[in-house]
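Have a look at the structure below, then the notes.
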Amino acid sequence: TLFVDKLDPQSGTALEIGSSGDTISVPSGATINLSAATQTGVGGTTAPYMAVQNSGDLAFSDNVYTVLAMTSEIVDSANAYDTSNYRFTPQTAGQYFVNVNITFGNTADNAIDKVNAVIYKNGSAVYYAQDDSDTVGVNYNQQINISGIVECNGSSDYIQGYGRVDVTSGSPYALFAYMSIFKMTE
C-alpha cells in the first residue's frame with residue numbers, strides 16, 4: 001500500500017499505471033473525477049450514427065408495406081446508410097436505437113383509415129406501430145412514430161424503415177419520412 005496525495009511523471013513523460021495484462025481495480029465507493037481532464041479511451045461511443053429523410057413526397061400504393069425511400073442524408077458518421085437500397089448497415093456490432101417517423105397524406109377528400117410505421121431488420125419486421133384514427137379532409141396529414149432497440153452483428157445485418165397507409169380512395173403518399181439510428185453505449 002502506497003499512501004500519497006499526488007503522482008507526477010518525470011518531466012516530459014507519461015505516467016503509466018500497470019502493465020499489459022494487469023487489471024486496475026477501483027473499489028466500490030471510490031470516485032474517479034475526469035470532468036476537468038482531457039478524456040481519451042474512456043466510455044463508449046454512439047458511433048456509428050445516422051439521420052436521413054425524404055427529399056420529396058414518397059408515393060405509396062394503398063394498403064401496401066413500402067420501404068421508405070429516404071435519400072437525403074442529414075448525417076452519416078460511417079457512411080453506413082445506402083441511398084440506393086435505403087439500408088443502414090453498421091460495421092460495428094452492438095445495440096442500436098432506431099427511430100422512424102412518417103407523416104402521411106392523401107390526395108382525395110376521404111379518410112385515411114390506418115397508418116403503420118415499421119422497423120425492419122434483414123428484411124423482416126421487428127417493431128410495428130399502427131394508428132387506426134380515421135382522418136377526413138383534403139390532404140389531411142396523419143403522423144406516426146416508432147422507436148426500438150435492434151441488435152446488429154457488425155458485418156451483414158441491416159435496418160430499414162417501412163410504412164403503410166390504408167385509404168378509402170385517392171392516392172396516399174408520405175410528405176415527410178425521417179429515420180435516425182445510433183449505437184448505444186455499453
Side-chain angles (χ1 to χ4, degrees), residues 1-54 65 67-68 70-103 115-131 143-163 176-186:
T1 301
L2 175 65
F3 293 100
V4 296
D5 291 328
K6 185 176 181 181
L7 290 175
D8 274 328
Q10 293 180 4
S11 180
T13 64
L15 178 65
E16 182 177 316
I17 300 174
S19 297
S20 178
D22 291 346
T23 300
I24 308 298
S25 298
V26 178
S28 176
T31 301
I32 298 176
N33 183 352
L34 299 174
S35 61
T38 300
Q39 301 172 29
T40 60
V42 178
T45 176
T46 58
Y49 53 86
M50 72 95 200
V52 64
Q53 64 188 13
N54 58 313
Y65 286 100
V67 67
L68 299 173
M70 297 175 285
T71 58
S72 181
E73 290 180 303
I74 298 166
V75 63
D76 187 356
S77 70
N79 294 318
Y81 184 77
D82 188 335
T83 58
S84 67
N85 60 18
Y86 322 115
R87 294 179 179 179
F88 175 74
T89 307
Q91 296 304 303
T92 305
Q95 302 289 334
Y96 286 81
F97 182 82
V98 181
N99 177 264
V100 174
N101 186 295
I102 312 167
T103 302
V115 295
N116 300 98
V118 189
I119 297 170
Y120 273 60
K121 174 184 171 185
N122 301 334
S124 298
V126 291
Y127 290 99
Y128 175 91
Q130 179 170 301
D131 186 347
Q143 185 177 39
I144 189 162
N145 186 66
I146 188 167
S147 298
I149 297 172
V150 179
E151 183 173 9
C152 290
N153 63 17
S155 60
S156 60
D157 287 340
Y158 64 91
I159 299 169
Q160 292 176 296
Y162 272 71
F176 182 77
Y178 172 84
M179 182 168 66
S180 61
I181 301 174
F182 64 86
K183 183 178 181 291
M184 299 176 64
T185 61
E186 311 230 352

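The model shown is predicted, which means the values in this text are computed figures rather than measured ones.
Looking at heavy atoms from C-beta onward, T71 lies in side-chain contact with Y86 at the 4.5 angstrom threshold. Contact annotation: the side chain of I119 approaches that of V150 to within less than 4.5 Å [non-hydrogen atoms, C-beta and beyond]. Side chains of F176 and N54 form a contact here, defined as non-hydrogen atoms less than 4.5 Å apart.
Of the possible donor and acceptor atoms, one in the side chain of N122 sits under 3.5 Å from a partner among the backbone N and O of Y158. Judged by distance alone, the side chain of S77 and the main-chain N or O of Y49 form a donor-acceptor pair under 3.5 Å. At distances below 3.5 Å, at least one donor-acceptor pair connects side-chain atoms of Y81 with backbone N or O atoms of M70.
Residues Y120 and Y162 place their aromatic rings such that the two centres sit under 6.0 Å apart. Between F182 and F97, the ring centre distance stays below 6.0 Å.
When every heavy atom of G161 is checked against every heavy atom of V100, the shortest pair comes out as CA-CG2, 4.2 Å. Contact record, C152 with I159: SG-CD1, 3.7 Å, taken as the closest heavy-atom pair. Residues I102 and A117 come closest through the heavy atom pair CD1-CB, 3.9 Å. When every heavy atom of P90 is checked against every heavy atom of Y96, the shortest pair comes out as CB-OH, 3.2 Å. Shown here for Y127 and I146, the closest heavy-atom pair between the two residues is C-CD1, 3.4 Å. Counting all heavy atoms, side chain and backbone alike, N153 lies closest to A93 at O-CB, 3.3 Å.
Sorted by first and then second residue, the salt bridge (charged side-chain N to carboxylate O under 4.0 Å, His left out) pairs involving residues 70-87 (not counting sequence neighbours) form an empty list. Among pairs with a residue in residues 150-159, those fulfilling salt bridge (charged side-chain N to carboxylate O under 4.0 Å, His left out) read K121-D157, at least two apart in sequence or across chains.
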Side chains of residues 4-17: which donor-acceptor pairs under 3.5 Å do they make with residues two or more places apart or in other chains?
residue	atom	partner	partner atom	Å
T13	OG1	Q10	N	3.3
T13	OG1	Q10	O	2.6

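Here the OG atom belonging to S180 is positioned 11.0 Å from the CD atom belonging to Q53, to the nearest 0.5 angstrom. Once rounded to the nearest 0.5 Å, the distance linking CG of L68 with CD of Q160 reads 9.0 Å.
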**Request:** Tell me, with the steps shown, if Q130 and V115 meet side-chain contact (heavy atoms from CB on, under 4.5 Å).
**Result:** CA-CA 6 Å; Q130 179 170 301; V115 295; over 6 Å; no

(Q) With side-chain contact (heavy atoms from CB on, under 4.5 Å) as the criterion, how do M179 and N99 come out once you've worked through the C-alpha distance, each side chain's angles and the decisive distance to 0.1 Å? (A) CA-CA 6 Å; M179 182 168 66; N99 177 264; over 6 Å; no

- Message: Run the side-chain contact (heavy atoms from CB on, under 4.5 Å) test on Y65 and V118 for me, step by step, so that the C-alpha distance in whole Å, both residues' side-chain angles and the decisive distance to 0.1 Å come before the verdict.
- Response: CA-CA 9 Å; Y65 286 100; V118 189; 3.7 Å; yes

